[in-house]
> 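Sharing a structure below in structure tokens format, with a few things to ask.
Being a predicted model, the structure only gives us computed values, none of them experimental. Basis for what follows: all heavy atoms, side chains included, without hydrogens, waters or symmetry-related copies.
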Amino acid sequence: MKLVAELLATPRFSNLRLLTDPITAEIPVDSIEITETPDIAHYIPEHTFILSTAMVYKDNQGALLELIDSLVAKNAAGLGIKIGRFLDVIDPEVIAYADSLGFPIVEVPATMPLGRLMHQLLNLLWNTKTEQLSYALDIQKRFSASLMKDVSIARFIADFGQMVNTPIILLNPFKQVIAHSKHFTRMSKPAEYYIHQLGQTKGVFTGEKSGAIPIKDLHEKTSQISYYAIETSTYFPHYLVILNPEAIPYPVSDFALEQAALVLSFMLYKNQKVQESFEDLKSDFLTRMIEYQQSSKQEQKDWLDLGKTYGLVKARHYRVIYGACEPTKETKDKDKYLKEESDLVYQWFSEQLPYRIKDVCLFRLKGSNHFAIFVQHKCDALEDHLIETANALTNRLPFRMAFGVGSVCESINDLASSYIEAKTAYEERRGQHDSPIVSFYHQRGMRSLFEKMSPEDIHYFCRTILKELAFPQEDATIELRKTLRAYLDYQCEITRTAKALFVHRNTIKYRIEQCQKLLGKNVHDPSISLDLRLALELSEEGD
């Protein structure tokens with residue numbers, strides 16, 4: 001058995017308006033009847049609520065007083081009158097009279113058919129699943145219309161919270177609040193407070209797609225919180241959080257909540273795909289720009305104008321950072337996981353870096369799970385910003401970041417060079433043990449050309465070119481080698497070499513002649529000079 005007040009409090013029947021004092025609605029209801037017969041009181045059991053168009057009383061509302069008397073004598077539950085067909089408005093005297101008898105009068109809008117209203121009220125009274133199913137489908141229909149009208153996520157959550165009459169919160173995969181119902185404007189604590197409480201509980205948001213836990217507020221009052229996974233991806237869902245789910249009024253059922261969650265997942269998925277389309281355009285632009293700047297182009301392009309839609313701005317300082325999330329042993333073979341992980345990393349840095357670095361913009365790298373960051377102004381704390389942002393992400397999701405940083409260039413037309421350097425720095429750090437999160441590119445000399453050669457091959461090359469000067473042991477030979485190196489470093493200028501070694505010019509001439517005798521070569525020959533420089537560099541002591 002339900003009270004008239006409970007029926008009217010159901011969101012489904014929010015269009016019904018109690019005209020008498022609220023206290024009159026504290027009457028139990030057992031059944032619902034539709035009638036236009038004035039003597040209906042003789043044919044109904046007690047606690048019956050009457051629905052009528054009041055057709056008989058169209059020209060004489062005063063006669064409604066007799067009907068009210070007969071219904072009160074029969075212990076009827078109340079009278080609902082549909083307006084707009086025979087009565088445009090219910091006479092205030094009739095309302096006042098019913099008030100004096102403690103009998104509820106309810107106004108039914110003209111748009112609501114009495115037959116369907118009776119059926120819905122009876123289903124509610126009899127607590128059948130039919131009403132719950134019908135209400136759930138109504139929710140799906142209403143929210144599907146919102147989806148087609150491109151309603152924002154914030155509006156969706158606000159409407160949903162109003163419908164279930166309890167606070168609602170939507171979290172992104174980082175467990176951040178991205179929308180909440182209007183209930184929190186009247187609550188003492190923001191939505192983030194409850195999410196923090198939820199996050200302190202072990203096991204929440206892990207494994208199970210839904211759950212409910214009790215939490216305590218500042219007054220040590222225990223309340224319930226439920227959460228449901230909203231899956232737009234396989235591994236990292238959004239979450240719908242409902243405060244005090246036990247207070248949700250009938251006929252809102254778990255099925256109704258599931259229908260709302262289903263529509264919400266479609267909305268999130270649609271937004272995700274729209275964003276991905278834009279990111280694909282950005283990725284294509286980056287690919288074209290890098291390839292064009294590396295080619296033997298005939299003319300310069302105005303990349304600032306072409307890329308202003310993607311965040312490129314005019315500056316005197318450009319730098320590229322190559323970034324990626326490093327896979328673990330457990331995830332390295334899970335392509336779908338790595339793709340979703342990459343999407344979230346890109347989203348996180350796209351949202352968080354602009355708070356730390358001015359005019360920063362990000363681009364996905366086509367055909368990979370990596371991305372590029374364009375820094376367009378001087379940033380002294382660049383490494384700190386990258387590490388802090390990466391650590392903030394790791395505190396929310398188990399991701400491990402890595403970055404390679406290219407050199408600074410003054411023109412946007414040279415970004416390809418910084419990009420290649422950034423990629424090189426990133427790739428070099430991957431083979432290092434315990435490498436730092438951020439690796440900067442360093443210019444490398446000609447020694448790097450021989451890094452993949454075996455020590456034996458390098459030793460043979462040096463011996464062949466330098467002979468006794470390759471790895472000297474005697475002091476005199478050591479001095480000859482030192483002089484030869486300085487002589488080549490100073491472009492074979494005797495005077496400069498003499499000043500650098502603090503010896504006479506004739507001493508330099510003599511030593512160079514001795515070197516040429518030992519080598520059997522003319523050190524001034526350009527091709528021989530190059531070989532000598534390489535061999536001297538590679539055979540330097542300690543390298």
Side-chain angles (χ1 to χ4, degrees), residues 1-128 130-132 134-135 138 163 165 249-252:
M1 182 181 295
K2 291 183 179 293
L3 303 179
V4 173
E6 291 178 298
L7 296 180
L8 298 178
T10 304
R12 182 74 176 272
F13 306 118
S14 59
N15 289 336
L16 302 180
R17 187 161 68 98
L18 179 66
L19 300 179
T20 52
D21 191 282
I23 194 66
T24 62
E26 302 296 323
I27 295 178
V29 183
D30 282 342
S31 184
I32 310 292
E33 293 286 349
I34 298 177
T35 185
E36 303 296 344
T37 306
D39 60 347
I40 186 63
H42 298 295
Y43 309 103
I44 60 172
E46 292 185 347
H47 306 305
T48 298
F49 190 89
I50 301 299
L51 297 174
S52 175
T53 62
M55 174 181 63
V56 177
Y57 308 100
K58 175 181 179 181
D59 300 316
N60 181 21
Q61 288 198 40
L64 281 170
L65 304 183
E66 297 180 13
L67 176 63
I68 292 173
D69 284 336
S70 65
L71 293 175
V72 169
K74 193 66 176 182
N75 289 327
L79 175 63
I81 300 176
K82 180 177 178 177
I83 62 170
R85 186 173 181 186
F86 298 107
L87 301 183
D88 292 328
V89 65
I90 299 175
D91 194 321
E93 292 184 7
V94 174
I95 298 172
Y97 184 73
D99 241 340
S100 66
L101 299 177
F103 184 77
I105 300 292
V106 175
E107 179 184 282
V108 179
T111 57
M112 185 173 288
L114 290 183
R116 187 173 71 182
L117 176 60
M118 182 184 73
H119 180 69
Q120 293 170 343
L121 287 171
L122 285 174
N123 279 333
L124 179 57
L125 285 175
W126 296 337
N127 197 28
T128 64
T130 303
E131 178 63 12
Q132 293 182 344
S134 176
Y135 189 72
D138 280 353
M163 180 174 289
N165 197 31
Y250 182 89
V252 180

> Around atom CD of E36, are there more than 12 heavy atoms from other residues, nucleotides or ligands closer than 6.0 Å?
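Counting other residues, nucleotides and ligands, CD of E36 exceeds 12 neighbours.
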> To the closest 0.5 Å, what do you measure between NE2 (H47) and CD1 (I27)?
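Separation between the atoms: 9.5 Å.
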> Applying side chain to side chain contact (heavy atoms under 4.5 Å, CB included) to I34 and T53, what does each step give before you reach the verdict?
CA-CA 9 Å; I34 298 177; T53 62; over 6 Å; no
> Do L125 and D30 have side-chain heavy atoms sitting under 4.5 Å apart?
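SC-SC contact between L125 and D30 ruled out.
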> Take D69 and L101, measure what side chain to side chain contact (heavy atoms under 4.5 Å, CB included) needs, and give me the verdict at the end.
CA-CA 9 Å; D69 284 336; L101 299 177; 3.5 Å; yes
> Which value, rounded to the nearest 0.5 Å, describes the distance between Y57 atom OH and L65 atom CG?
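Here the rounded value is 10.0 Å.
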> For L87 and Q61, run side chain to side chain contact (heavy atoms under 4.5 Å, CB included): C-alpha distance rounded to whole Å, both residues' side-chain angles, the deciding distance at 0.1 Å, then the answer.
CA-CA 9 Å; L87 301 183; Q61 288 198 40; 3.8 Å; yes
> So, does E26 use its side chain to make a donor-acceptor pair with the main chain of L3 at under 3.5 Å?
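Side chain of E26 to backbone of L3, a donor-acceptor pair under 3.5 Å: no, none is there.
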> Determine, stepwise, if the pair V56 / F86 fulfils side chain to side chain contact (heavy atoms under 4.5 Å, CB included).
CA-CA 9 Å; V56 177; F86 298 107; over 6 Å; no
> In this structure, which one of V94, I105, T20 forms a side chain to side chain contact (heavy atoms under 4.5 Å, CB included) with D99?
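Considering V94, I105, T20, a side chain to side chain contact (heavy atoms under 4.5 Å, CB included) with D99 is found only for T20.
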> At what distance, to the nearest 0.5 angstrom, does OG1 of T111 lie from CG of N15?
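Here the interatomic distance stands at 6.0 Å.
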> Nearest 0.5 Å, what's the CG-CG distance between L79 and L64?
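Answer rounded to 0.5 Å: 7.0 Å.
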> Please examine the side chains of L51 and K82, heavy atoms only from C-beta on, and report whether any two atoms are closer than 4.5 Å.
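Not touching, per the 4.5 Å side-chain cut-off.
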> Looking at Q120 and F13, would you say the former's side chain and the latter's main chain have a donor-acceptor pair under 3.5 Å?
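Not a single qualifying donor-acceptor pair exists.
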> Can you find a pair of side-chain heavy atoms, one from L16 and one from P109, that are under 4.5 Å apart?
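Yes, close enough: below the 4.5 Å cut-off.
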> Which value, rounded to the nearest 0.5 Å, describes the distance between S31 atom OG and E46 atom CD?
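S31 atom OG to E46 atom CD measures 13.0 Å (nearest 0.5 Å).
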> Report the residue from I81, I44, V106, I32 that forms a side chain to side chain contact (heavy atoms under 4.5 Å, CB included) with I50.
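The residue from I81, I44, V106, I32 that satisfies side chain to side chain contact (heavy atoms under 4.5 Å, CB included) with I50 turns out to be I44.
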> Can you check whether A54's main-chain N or O pairs, donor with acceptor, with S52's side chain at less than 3.5 Å?
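Yes, S52 side chain to A54 backbone: donor-acceptor pair under 3.5 Å.
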> From L114 CG over to T35 OG1, what is the distance, rounded to the nearest 0.5 angstrom?
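Atom-to-atom, L114:CG and T35:OG1 are 11.0 Å apart.
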